[in-house]
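Chain letters run A, B, ... following the sequence lines, proteins first, then strands; residues in each count from 1.
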Amino acid sequence: MDDLIFALKDVYFSYLGKFPALRGIDLEIKKGQKVSVIGANGSGKSTLLQILDGLIFADKGEIGFRGRKLNEKIFYDPGFSRDFRRRVGFVFQNPDVQLFCPTVKEDIVFGPLQLGLEKNEIVKRLEKLVEGLGIGALLERQPHQLSVGEKRKVAIASTLIIEPEVLILDEPTAGIDPLTTRHIIDLLIEENLAGSTIITSTHDLHIVEEMSDVVYVFGMDKKIVKSGPAEDILNDTALLSANNLVHIHSHKHMGKVHAHPHLHIEHHNNPG
Amino acid sequence: MGALSFLKDSVFAEEYAAGGGFLQSLDPRVKAITFLLFIIQVLFARSIPALFFLYGLCLFLALVSRINLGFFLKRTWVFIPLFALFIAIPALFSTFSPGEGLATWDILGTKLTITRQGLAAAVTFIMRVAASVSFAVLLTITTRHIELLKVLRIFKIPQVFVMTLGMCYRYIYLFVSMIEDTYRAIKSRVGVLVHYKSGQNIVAWNIAFLWSRSLKLNEEVYRAMLSRGYEGEARVLDEFKTQVKDWLWLFSVAALYLIILWMT
């Protein structure tokens with residue numbers, strides 16, 4: 001029980017009270033776990049992550065965080081609010097949303113400054129992060145001058161500097177090149193090995209196996225269709241196909257046309 | 001598209017601010033205070049030589065800060081006629097400035113006389129505008145916009161106001177890029193020539209789209225701030241550091257201020 005970070009019971013959420021985004025969600029996330037939430041666009045992944053970060057609140061159902069109920073009222077308590085923000089970090093899907101300061105450096109230090117960390121400690125953490133992520137040359141630049149991959153790295157840095165126990169990432173590899181994707185995944189695995197709980201939403205099946213102890217599949221009916229170990233989910237082609245996560249791909253090979261599900265995950269199972 | 005490029009260049013170009021000249025090396029706070037002193041001095045100076053001296057000093061500072069003088073004069077003298085000439089020209093004549101006549105014209109039976117006092121008043125006024133506009137432009141082109149914003153804090157402008165200005169600056173670029181992309185998309189589908197009625201529709205649609213996009217962005221950015229612990233009052237890392245050079249500069253400008261005040 002002590003290991004339980006998040007526990008959701010029968011959670012419902014709708015936008016403007018009439019557009020359902022989540023329907024009857026039950027899930028549990030334990031300390032140190034890697035959890036992936038996969039599903040097609042509009043299946044409710046981002047909504048779920050924002051609920052986990054206490055940015056929006058469920059219409060119905062219960063959300064528990066380390067044994068306490070998460071609701072709007074509890075965030076009125078500055079002590080709880082500050083403690084929660086120190087423990088849970090969120091990386092938004094659109095880095096332009098997260099990088100709102102005039103310079104990269106100001107964006108990275110924004111979180112710890114608001115959370116009341118000592119300036120010396122902030123500078124120490126900043127130096128360590130900058131070295132680890134290789135973003136020293138970006139510090140004095142303005143966020144709009146960065147490439148998408150650089151923005152993504154800076155957005156992650158701006159959350160990692162808080163050193164949260166739980167890291168929630170909304171499509172961290174969307175729209176970035178394979179090398180930057182690799183850097184980001186390596187970084188997240190490192191964080192997980194150091195004890196962080198990592199919750200990722202994605203529809204990029206390449207990263208699911210590495211980023212998941214448990215995978216939750218969201219369907220277009222805004223419900224969890226299936227959950228389980230990454231291997232079981234990724235091998236269930238019918239499930240992935242029914243939820244718009246793979247498509248039938250045809251191509252010419254040795255003069256013949258082949259058609260098969262477009263998974264791109266075979267190389268994880270057959271390295272080299 | 002031309003207007004958008006001009007906006008991008010004029011608002012976001014910081015090539016001189018990033019240069020390695022004298023003014024760029026000063027602490028922005030000290031620089032802002034000394035430039036404020038210069039502008040106050042220009043506004044109160046009554047002697048024409050003192051105004052010419054201050055204007056000359058401004059050009060000299062531009063030179064030692066590696067500013068292209070042609071670019072600087074163009075940038076400043078674009079505004080000066082707007083502010084000064086239309087007011088200064090009537091002041092030349094005896095109708096507004098009676099005194100010792102210097103030149104007289106007879107136009108349709110009306111005598112127009114330029115007086116010595118009128119000329120002095122017009123030159124003083126133009127030089128005041130020229131010098132103060134030049135100091136203001138020199139400050140803005142030798143200081144990065146974000147540093148200028150931070151300087152506002154020393155004048156006790158509330159942090160939330162400074163932060164909002166910074167965000168406006170940050171997101172204007174995003175919106176300008178969005179408008180550019182939208183116009184390119186329109187151009188790729190309908191070509192360059194658009195009927196004025198369709199043009200009006202496109203502009204109206206764009207305004208509505210930007211409005212709704214900015215509302216959504218506003219909500220998302222606020223959530224991103226909340227997520228990192230924002231509680232209504234932003235805290236910032238103050239990193240300005242003054243050096244001996246800054247104090248020497250401040251002392252020199254203050255001394256010059258007093259000398260000019262005493263001489264005039």
Side-chain angles (χ1 to χ4, degrees), chain A residues 46 49-50 52-56 75-76 78-79 81-117 119-120 122-123 126 139-145 151 155 158-159 161-162 164 168 170, chain B residues 8 11-15 17-18 24 28 143-153 159-160 162-178 180 213-241:
Chain A
S46 297
L49 298 194
Q50 294 203 26
L52 293 179
D53 195 38
L55 297 174
I56 52 178
F75 281 92
Y76 295 156
S81 177
R82 194 167 273 205
D83 181 62
F84 182 86
R85 300 291 171 214
R86 277 191 185 190
R87 288 177 189 274
V88 183
F90 189 94
V91 179
F92 283 73
Q93 185 179 349
N94 175 4
D96 272 320
V97 163
Q98 194 160 352
L99 307 179
F100 45 77
C101 293
T103 65
V104 164
K105 188 178 187 177
E106 283 180 84
D107 257 318
I108 297 177
V109 299
F110 180 87
L113 278 171
Q114 310 319 303
L115 293 168
L117 262 74
K119 291 197 175 171
N120 289 342
I122 296 173
V123 172
L126 176 72
L139 284 185
E140 295 305 325
R141 286 175 64 188
Q142 297 168 30
H144 71 75
Q145 297 170 328
K151 280 184 190 172
S158 71
T159 306
I161 197 168
I162 298 169
I168 303 173
D170 195 355
Chain B
K8 260 187 169 175
V11 179
F12 298 100
E14 292 193 325
E15 60 172 300
Q24 292 91 329
T143 317
R144 295 176 69 196
H145 295 113
I146 44 160
E147 285 175 339
L148 273 179
L149 281 177
K150 284 191 198 168
V151 165
L152 290 176
R153 286 178 204 150
Q159 177 53 38
V160 68
V162 177
M163 196 171 165
T164 310
L165 276 179
M167 281 192 184
C168 286
Y169 179 73
R170 154 82 178 93
Y171 287 110
I172 280 174
Y173 192 89
L174 191 73
F175 285 122
V176 168
S177 302
M178 277 162 64
E180 266 184 326
R213 186 72 191 92
S214 66
L215 272 179
K216 192 166 186 290
L217 193 67
N218 160 48
E219 199 176 292
E220 289 174 336
V221 169
Y222 182 64
R223 280 186 193 158
M225 291 169 72
L226 278 185
S227 171
R228 281 191 277 158
Y230 178 69
E231 290 169 343
E233 195 177 327
R235 298 171 187 90
V236 291
L237 202 60
D238 196 357
E239 291 183 301
F240 287 133
K241 272 183 196 153

So, the part of A:L99 with a heavy atom under 4.5 Å from chain B: the answer is both

Where do B:R144 and A:E140 come nearest, in terms of heavy atoms and distance? NH2-O, 2.8 Å

Heavy-atom closest pair, residues A:P102 and B:G166: CG-CA, 4.4 Å

Which heavy atom in A:F100 sits nearest to a heavy atom in B:M163, and how many Å separate them? CE1-CE, 4.2 Å

Which portion of A:F90 sits near chain B, non-hydrogen atoms under 4.5 angstrom: both

Relative to chain A, which segment of B:Y171 carries a heavy atom at a distance below 4.5 Å: side chain, backbone, both, or neither? side chain

Does A:Q114 form a side-chain contact (heavy atoms from CB on, under 4.5 Å) with B:M225? I'd like the steps, not just the answer. CA-CA 9 Å; A:Q114 310 319 303; B:M225 291 169 72; over 6 Å; no

Would a 4.5 Å heavy-atom cut-off, applied to side chains only, mark A:D107 and B:R228 as touching? yes

Could you check whether atom CZ of B:F175 has more than 12 heavy atoms from other residues, nucleotides or ligands sitting under 6.0 Å from it? yes

Side chain, backbone, both or neither: which part of B:L217 has an atom under 4.5 Å from a heavy atom of chain A? side chain

Taking atom CG of A:N94 and atom NZ of B:K216, what is their separation to the nearest 0.5 Å? 8.5 Å

By a 4.5 Å heavy-atom criterion (distance strictly below it), what part of A:L55 contacts chain B: side chain, backbone, both, or neither? both

Interchain contact, A:V97 with chain B, by part (heavy-atom threshold 4.5 Å): both

What distance separates B:S227 OG from A:I162 CD1, expressed to the nearest 0.5 Å? 7.0 Å

Side chain from CB out, backbone as N, CA, C, O: work out which of these in B:E220 comes under 4.5 Å of a heavy atom of chain A, or both, or neither. both

For A:Q98, is it the side chain, the backbone, both or neither that has a heavy atom under 4.5 Å from a heavy atom of chain B? both

Let me know if A:D96 has heavy atoms under 4.5 Å from chain B in its side chain, its backbone, both or neither. both

Give the intermediate values and the outcome of side-chain contact (heavy atoms from CB on, under 4.5 Å) for residues A:I56 and B:R223. CA-CA 9 Å; A:I56 52 178; B:R223 280 186 193 158; 3.3 Å; yes

